[in-house]
Amino acid sequence: MQQHPLIAILTRLGTFVLVMIALSIMIFVLARVVPGDPARMALGPAATTEQVEALRQQMGLDQPLAIQYVDYIGKALRGDLGMSLVSQRPVSADLGQTVPATLELVLVSVIFMFAVAIPLGVIMAHYRDRAVDHVGRLLSLTGVTIPSFLFAITLQLIAARFLSGWPIIGRLDHSLGWTGGPTGLLILDGLLMGRPDVSLNAFQHLLLPAFALSMAGIGQITRITRSAMIENQRKDHVLTLKSFGVPERVIIFKYLLKLSSIAPLTIMGLEFASLIGNAFVIEMVFAWGGFASYGLQSILQKDLNAVTAVVLVAGLFFIVANLIVDVLITMIDPRLRRKEAR
């Protein structure tokens, strides 16, 4: 008996809520027990004890931890994530400016991963132990072992030397006079507002950082796809199809690829988290000004509200990505629905 897909999705949504509650409690407690007084760091060493204590009361840091948490969650559910001690702006406003930049970078990186890694893994498995396979394994190993910031700097140097005029920093040329769009995703906003020149320019700015960010994932997913394809080629039903003379391309694209995509999709959920974590390096190299670099600065300056919000948003990204991956895998492999229905 198979479990209805809607029930499976609702079950995962329930798990998603519980994980978010646990994450919020954990990061809220950790942000308040680590050494350093946020009020003192915000006001600086020249502030008096009375000024520091007044700010502590204003931030609610003089209240018991449980009361602080309930107050924070109540405001967060209404969209109030508090004020940033550094920028002196609402944290939600800071996130509204920085999250779309990183989200666009990560989404394009994910597209690069699948567009390059899956076909390359299939080709390597098909030409196993031949020259193509050896070159592909070398490239995938290079992607996994070399740090992303080194790829980023190398791509910048290559573009500056051989691609005159190609953008190597920022998200958009200021000469375009762009004032912003509804989503903050420049490629999408340019299309929505009838500015294809903005979309094209934003895509040009995205190519180098997205490619640098995706290199580790490309190497990992390529190797996993190759291994999955080789393993599934030995399955009885695949051997039966070959014995009946079914064309090789039909076996690969209709049967093998679908079965072999489960392992790469599973890894993709973990890779998404690593993309968010590694994005701050890429953003610093390319002066991207996104969510990841904002989070790093918040941690270094112990901006309490900003740190809590950044970790919650990063956790939300990670959980949603894994939820989507779980749903896709369940749709691809009906055997998982049978297991859940038992």
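This structure is a prediction, so every number in the text was calculated from the model and none was measured.
- Panel note: side chain R78, backbone G74; a donor-acceptor pair is recorded below 3.5 Å.
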Side chains of residues 118-126: which donor-acceptor pairs under 3.5 Å do they make with residues two or more places apart or in other chains?
none

List the atom pairs, donor and acceptor, that lie under 3.5 Å between side-chain atoms in residues 65-73 and the rest of the protein, sequence neighbours left out.
unit_1, atom_1, unit_2, atom_2, d
Q68, OE1, R32, NE, 3.0
Q68, NE2, Q63, O, 2.6
Y69, OH, S24, OG, 2.8

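- Within the structure, side chain to side chain donor-acceptor pair (under 3.5 Å) contacts touching residues 177-197 (residues at least two apart or in different chains) are T183-D189, R195-D197.
- For residues 88-97, every residue pair satisfying the salt bridge (charged side-chain N to carboxylate O under 4.0 Å, His left out) rule, not counting sequence neighbours, is listed here: R89-D94.
- Residues passing the side chain to side chain donor-acceptor pair (under 3.5 Å) test with S293 are E283, sequence neighbours excluded.
- Residues forming a side-chain contact (heavy atoms from CB on, under 4.5 Å) with L265 (at least two apart in sequence, or on another chain): F114, V325, L328, I329, I332.
- Annotation: side-chain contact (heavy atoms from CB on, under 4.5 Å) contacts of L239 (sequence neighbours excluded): none.
- In this structure P247 satisfies the side-chain contact (heavy atoms from CB on, under 4.5 Å) test together with R249, V250, sequence neighbours excluded.
- Here A202 pairs with L172, L186, I187 under the side-chain contact (heavy atoms from CB on, under 4.5 Å) rule; sequence neighbours left out.
- Contact between A279 and T102 at its shortest, heavy atoms only, is CB-CG2, 4.3 Å.
- Listed by chain and number, the residues in a side chain to side chain donor-acceptor pair (under 3.5 Å) with D133 are R226 (sequence neighbours excluded).
- For R137, the side chain to side chain donor-acceptor pair (under 3.5 Å) test picks out H134, with sequence neighbours left out.
- When N305, V307, D303, L304 are each tested for a side chain to side chain contact (heavy atoms under 4.5 Å, CB included) with S84, only one passes: D303.
- With D80 contributing its side chain and G82 its backbone, the two residues share a donor-acceptor pair below 3.5 Å.
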Report all side-chain donor-acceptor pairs from residues 141-154 shorter than 3.5 Å, counting only partners two or more places apart or in another chain.
unit_1, atom_1, unit_2, atom_2, d
T142, OG1, L138, O, 2.8
T145, OG1, L141, O, 2.8
T145, OG1, T142, O, 3.4
T154, OG1, L150, O, 2.7

